[in-house]
Amino acid sequence: QLRLVESGGGLVQAGGSLRLSCEVFGRTFNRYRNAVAWFRQAPGKEREFVAAIRWDSGTTQYADTVKGRITLSRDNAKLTTLMQMDSLRPEDTAIYYCATGRPTTSTMISAGEYDYWGQGTQVTVSS
């Protein structure tokens with residue numbers, strides 16, 4: 001059983017930046033198999049993939065909508081993933097969720113591959 005805790009959401013003007021954090025708690029997190037991903041859900045829209053990082057290699061994957069504006073990193077000792085968000089746009093407004101699971105390299109963008117989810121943190125970008 002794993003628990004994920006997100007933080008760092010808030011209100012920011014268009015063009016501004018935020019840094020979201022996701023810390024994983026639990027003894028079953030496997031550094032060689034698990035990946036941590038971020039998804040977001042805006043009102044009236046489906047949950048969509050934002051970014052993911054494989055823990056062992058640090059390999060990242062980004063959605064086309066955020067690529068170039070978002071950077072993932074991780075702290076192995078703290079089991080914490082950081083998502084630096086720059087040049088934010090109003091369309092980035094959503095609840096952001098972090099999740100962990102053991103996807104394959106070809107299924108990292110699929111929400112169904114992730115077994116544990118955080119509570120979500122609200123990001124609001126004003127125009």
Side-chain angles (χ1 to χ4, degrees):
Q1 188 73 29
L2 298 173
R3 181 169 64 92
L4 290 79
V5 179
E6 303 108 326
S7 62
L11 174 66
V12 65
Q13 293 183 348
S17 299
L18 286 173
R19 182 185 292 115
L20 305 186
S21 176
C22 174
E23 187 171 4
V24 179
F25 300 89
R27 300 176 64 185
T28 59
F29 186 85
N30 190 321
R31 291 171 172 81
Y32 299 100
R33 297 182 61 185
N34 278 76
V36 174
W38 288 91
F39 293 79
R40 67 186 182 187
Q41 187 165 21
K45 297 183 178 181
E46 295 182 349
R47 187 169 297 185
E48 66 174 345
F49 172 79
V50 178
I53 184 167
R54 300 200 69 85
W55 205 264
D56 58 343
S57 65
T59 301
T60 54
Q61 186 170 347
Y62 301 98
D64 290 341
T65 52
V66 301
K67 192 172 185 178
R69 302 186 295 118
I70 286 181
T71 303
L72 289 187
S73 61
R74 85 273 198 233
D75 185 325
N76 189 52
K78 297 180 179 180
L79 293 181
T80 297
T81 302
L82 299 175
M83 183 162 68
Q84 178 67 39
M85 308 169 68
D86 300 315
S87 301
L88 287 166
R89 307 165 182 169
E91 53 263 40
D92 295 318
T93 295
I95 301 175
Y96 284 71
Y97 301 89
C98 69
T100 190
R102 298 176 178 179
T104 67
T105 56
S106 62
T107 60
M108 291 181 65
I109 67 171
S110 176
E113 294 294 315
Y114 298 90
D115 304 305
Y116 301 96
W117 293 76
Q119 79 286 352
T121 186
Q122 177 71 47
V123 171
T124 302
V125 184
S126 62
S127 60

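A side-chain donor-acceptor contact under 3.5 Å links T121 to the backbone of G9. The main-chain N or O of K78 is found under 3.5 Å from a side-chain atom of T80 such that the two form a donor-acceptor pair. In terms of modelled atom types and a separation under 3.5 Å, the side chain of S110 and the main chain of T107 share no donor-acceptor contact.
A cation-pi arrangement is present between R3 and F25 under the rule of less than 6.0 angstrom and at most 45 degrees off the ring axis.
Using a 3.5 Å distance cut-off with no hydrogens or angles, the side chains of W55 and N76 do pair a donor with an acceptor.
Under a hydrophobic-cluster definition in which Ile, Leu, Val, Met, Phe, Trp and Tyr are linked whenever side-chain heavy atoms come within less than 4.5 Å, directly or via other members, Y114 and Y62 are assigned to different clusters. Clustering ILVMFWY residues whenever any of their side-chain heavy atoms sit less than 4.5 angstrom apart, transitively, puts I95 in a cluster other than the one holding V12. V125 and Y97 are assigned to two separate hydrophobic clusters, defined by single-linkage of ILVMFWY side chains at heavy-atom distances under 4.5 Å. With hydrophobic clusters built from ILVMFWY side chains whose heavy atoms lie under 4.5 angstrom apart, M83 does not share a cluster with M108. V123 is not connected to W117 by any chain of hydrophobic side-chain contacts under 4.5 Å among Ile, Leu, Val, Met, Phe, Trp and Tyr, and they are in different clusters.
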May I have the step-by-step check of side chain to side chain contact (heavy atoms under 4.5 Å, CB included) for T59 and I53, ending in yes or no?
-> CA-CA 6 Å; T59 301; I53 184 167; over 6 Å; no

Output, in order, the C-alpha distance, side-chain angles, deciding distance and verdict of side chain to side chain contact (heavy atoms under 4.5 Å, CB included) for W38 and C22.
-> CA-CA 9 Å; W38 288 91; C22 174; 3.5 Å; yes

Output, in order, the C-alpha distance, side-chain angles, deciding distance and verdict of salt bridge (Lys or Arg N to Asp or Glu O under 4.0 Å) for R33 and D56.
-> CA-CA 7 Å; R33 297 182 61 185; D56 58 343; over 6 Å; no

Yes or no on side chain to side chain contact (heavy atoms under 4.5 Å, CB included) for Q1 and D115, after CA distance, side-chain angles and deciding distance?
-> CA-CA 10 Å; Q1 188 73 29; D115 304 305; over 6 Å; no

Apply side chain to side chain contact (heavy atoms under 4.5 Å, CB included) to the pair V36 and F29, showing each step before the final yes or no.
-> CA-CA 10 Å; V36 174; F29 186 85; 4.1 Å; yes

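Q119 CD to S7 OG: the interatomic distance, rounded to the nearest 0.5 Å, is 8.5 Å. Atom-to-atom distance recorded for R31:CZ and S57:OG is 14.5 Å, nearest 0.5 angstrom. A distance of 12.0 Å separates CZ in R19 from CE in M85, rounded to the nearest 0.5 Å. Here CZ of R89 is found 15.0 Å from OG of S126. Values are rounded to the nearest 0.5 Å. Atoms CD and SG, on E23 and C98 in that order, are 10.0 Å from each other to the nearest 0.5 Å. Here CG of L11 is found 8.0 Å from CD of Q13. Values are rounded to the nearest 0.5 Å.
Taking the ring pair (Phe, Tyr, Trp, His ring centres under 6.0 Å) definition, one finds that F49 meets it with F39, sequence neighbours left out. Applying the side-chain contact (heavy atoms from CB on, under 4.5 Å) criterion to S73, with sequence neighbours excluded, gives L82.
For the side-chain contact (heavy atoms from CB on, under 4.5 Å) test with T100, the passing option among L79, T81, N34 is N34; the others fail.
Closest of all the heavy-atom pairs between G8 and L18 is O-CD2, 3.9 Å. Nearest approach of E6 to G120, heavy atoms of both residues: OE1-N, 2.9 Å. Considering all non-hydrogen atoms of both residues, A42 and A94 come closest at N-CB, 3.8 Å. Nearest heavy-atom pair across Y96 and D92 is OH-O, 2.6 Å. The two residues T65 and R40 make their nearest non-hydrogen contact at OG1-NH2, 3.6 Å. Annotation for S87 and S17: closest pair N-OG, 4.3 Å, computed over non-hydrogen atoms.
Summarising the local packing, CD1 of I109 is surrounded by 12 or fewer heavy atoms from other residues, nucleotides or ligands at distances under 6.0 Å. Under a cut-off of 6.0 angstrom, the local environment of CZ in R47 is crowded, with over 12 non-hydrogen atoms contributed by other residues, nucleotides or ligands.
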